[in-house]
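Please read the structure below before turning to the comments.
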Amino acid sequence: MPGSEVMTDTTTTDLVPADAASLHGPVIAWFDQHARDLPWRRPEAGAWGVMVSEFMLQQTPVNRVLPVYEQWLARWPRPADLAAEAPGEAVRAWGRLGYPRRALRLHGAAQAITERHGGDVPSDHAQLLALPGIGEYTAAAVASFAYGQRHAVLDTNVRRVFARAATGIQYPPTATTAAERKLARALLPDDESTASRWAAASMELGALVCTARSEECGRCPIADRCAWRLAGKPAHEGPARRGQTYAGTDRQVRGKLLAVLREARGPVPQQSLDAVWHEPVQRARALDGLVADGLVEPLADGLYRLPA
DNA sequence: AAGTCGTGGAC
DNA sequence: TGTCCAAGACT
């Protein structure tokens with residue numbers, strides 16, 4: 001929208017730059033003291049380790065990612081190792097992390113890295129963004145965490161921290177707004193290495209202290225200047241922002257179908273897939289969807305398998 | 001641009 | 001128990 005850049009947002013109490021800078025020190029100092037020792041943060045993880053972790057962490061909790069991440073990197077320590085495998089092996093190794101299309105996209109990204117970038121995860125934001133499964137957030141995260149670059153890294157944790165500390169509201173909007181991106185850029189430290197540190201620190205603060213529910217302001221290094229807390233922590237206004245009932249959806253059927261294929265060694269007969277769901281129309285629709293997504297490969301004689 | 005896409009733990 | 005939530009991407 002032309003003109004939106006210059007519109008003044010009167011509904012928020014965004015910090016002025018001088019206040020913004022005062023956040024960096026306390027948050028980064030807190031991070032130095034309380035950061036979790038996660039495997040993808042260790043130097044030996046490398047850019048590939050960071051990238052794999054970011055794929056797995058999309059909409060999935062850290063604790064569930066940890067074991068799969070370790071197995072994945074032990075088996076495929078470089079992008080070329082994964083690229084040489086059948087995509088179905090990536091889907092199988094993905095296990096029960098959920099959203100298995102991520103496994104397919106990670107495999108595709110590994111192939112693109114092998115073909116276009118000599119087997120090295122690119123450090124350029126635009127080149128990262130061009131890889132399958134990498135959007136604005138993941139491109140910024142890899143560039144920042146793996147290569148120490150200066151990028152606004154706006155994930156759900158950071159958005160919540162900024163919504164509270166800077167804007168004074170309990171929760172950020174459903175979808176990321178231009179105002180949020182602008183705020184994130186304004187809060188980004190000038191120095192590259194400090195900016196990279198800030199990105200990780202503000203994210204960790206949201207993950208450990210400034211959580212969605214039962215936030216712990218007593219442990220927050222910037223509680224004394226948090227706009228939301230200073231306003232008396234007003235409750236979120238408006239309707240509940242979620243409504244994804246899972247039971248009975250196509251997603252549940254897809255999950256059941258894929259679980260059968262994941263646990264089988266070779267091709268599976270149609271009959272085995274039919275057993276997971278009673279309703280034939282929905283079952284067929286789910287299976288068609290999996291085939292269309294490239295997660296399942298139909299063979300002759302009513303056999304199905306993970307993609308070769 | 002609102003819907004779709006898994007899974008399981010916490011309260 | 002049902003609801004909410006978890007380092008989003010894609011169409």
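In the text below, chain A, chain B and the rest are named by the order of the sequence lines, each starting its count at 1. Since the structure is predicted, the reported quantities are computational estimates derived from the model, not experimental observations.
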Of the nucleotides [options], which one has an atom closest to the side chain of [X]?
X: A:Thr156; options: C:dA6, C:dC5, B:dG6; value: C:dA6
X: A:Arg105; options: C:dA9, C:dA7, C:dA6; value: C:dA9
X: A:Arg160; options: C:dA6, C:dG8, B:dC5; value: C:dA6
X: A:Gln58; options: C:dG8, C:dC5, B:dC5; value: C:dG8
X: A:Arg102; options: C:dC4, B:dG6, B:dT7; value: B:dG6
X: A:Arg101; options: C:dG8, C:dA7, B:dT4; value: B:dT4

Exercise for the section: For A:Arg36 and for A:Ile134, find the nucleotide of DNA chain C with the closest heavy atom, then tell me which residue's nucleotide is more 5'. Expected result: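 Counting from the 5' end, the first nearest nucleotide belongs to A:Arg36.
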Handout entry: Pairwise 5' ranking along DNA chain C for A:Ala207 and A:Arg213, keeping only the more 5' one
Key =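 Result: A:Arg213.
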Handout entry: Under-3.5 Å donor-acceptor pair between A:Arg64 side chain and B:dT7 base
Key = yes
Can you check the [X] [atom1] to [N] [atom2] distance for me, whole Å?
X: A:Asp155; N: C:dA6; atom1: CG; atom2: P; value: 9 Å
X: A:Glu54; N: C:dA6; atom1: CD; atom2: P; value: 15 Å
X: A:Tyr99; N: B:dC5; atom1: OH; atom2: C1'; value: 5 Å
X: A:His236; N: C:dC5; atom1: NE2; atom2: C1'; value: 14 Å
X: A:Asn63; N: C:dA7; atom1: CG; atom2: P; value: 11 Å
X: A:Leu104; N: B:dG6; atom1: CG; atom2: P; value: 11 Å
X: A:Arg251; N: B:dG3; atom1: CZ; atom2: C1'; value: 10 Å
X: A:Glu215; N: C:dC4; atom1: CD; atom2: C1'; value: 15 Å

Tell me whether the side-chain N/O atoms of [X] come closer than 4.0 Å to OP1 or OP2 in [N].
X: A:Tyr171; N: C:dC5; answer: yes
X: A:Thr60; N: B:dG6; answer: no
X: A:Gln59; N: C:dG8; answer: yes

Problem - Salt-bridge criterion met for A:Arg78 and A:Asp120 (N-O under 4.0 Å) - result: no
Problem - Note: A:Asp274-A:Arg283 ion pair, threshold 4.0 Å (strictly below) - result: yes
Exercise for the section: Pick the C1' atom in B:dA2 and in C:dA7, then give their distance to the nearest Å. Expected result: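 Going atom to atom, C1' in each nucleotide, I get 23 Å.
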Exercise for the section: For nucleotides B:dG6 and C:dT11, find the distance between their P atoms and express it as a whole number of Å. Expected result: 14 Å
Handout entry: Pairwise salt bridge (Lys or Arg N to Asp or Glu O under 4.0 Å) hits with a residue in residues 156-175 of chain A, at least two apart
Key =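 Those involving residues 156-175 of chain A are A:Arg159-A:Glu180.
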Practice task
Might you point out which heavy atoms bring A:Leu154 and A:Ala184 nearest each other, and give the distance in Å?
Solution key: CG-CB, 3.9 Å
Handout entry: Shortest non-hydrogen separation from A:Ala47 to A:Tyr147 and the atoms involved
Key =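 In terms of heavy atoms, the two residues are closest at CB-OH, 3.2 Å.
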Handout entry: ILVMFWY network linking A:Trp228 to A:Leu187, side-chain heavy atoms under 4.5 angstrom
Key =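 No; A:Leu187 is not reachable from A:Trp228 via cluster members.
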Handout entry: Sugar-phosphate, base or nothing in reach of A:Gln252, heavy atoms under 4.0 Å
Key = nothing
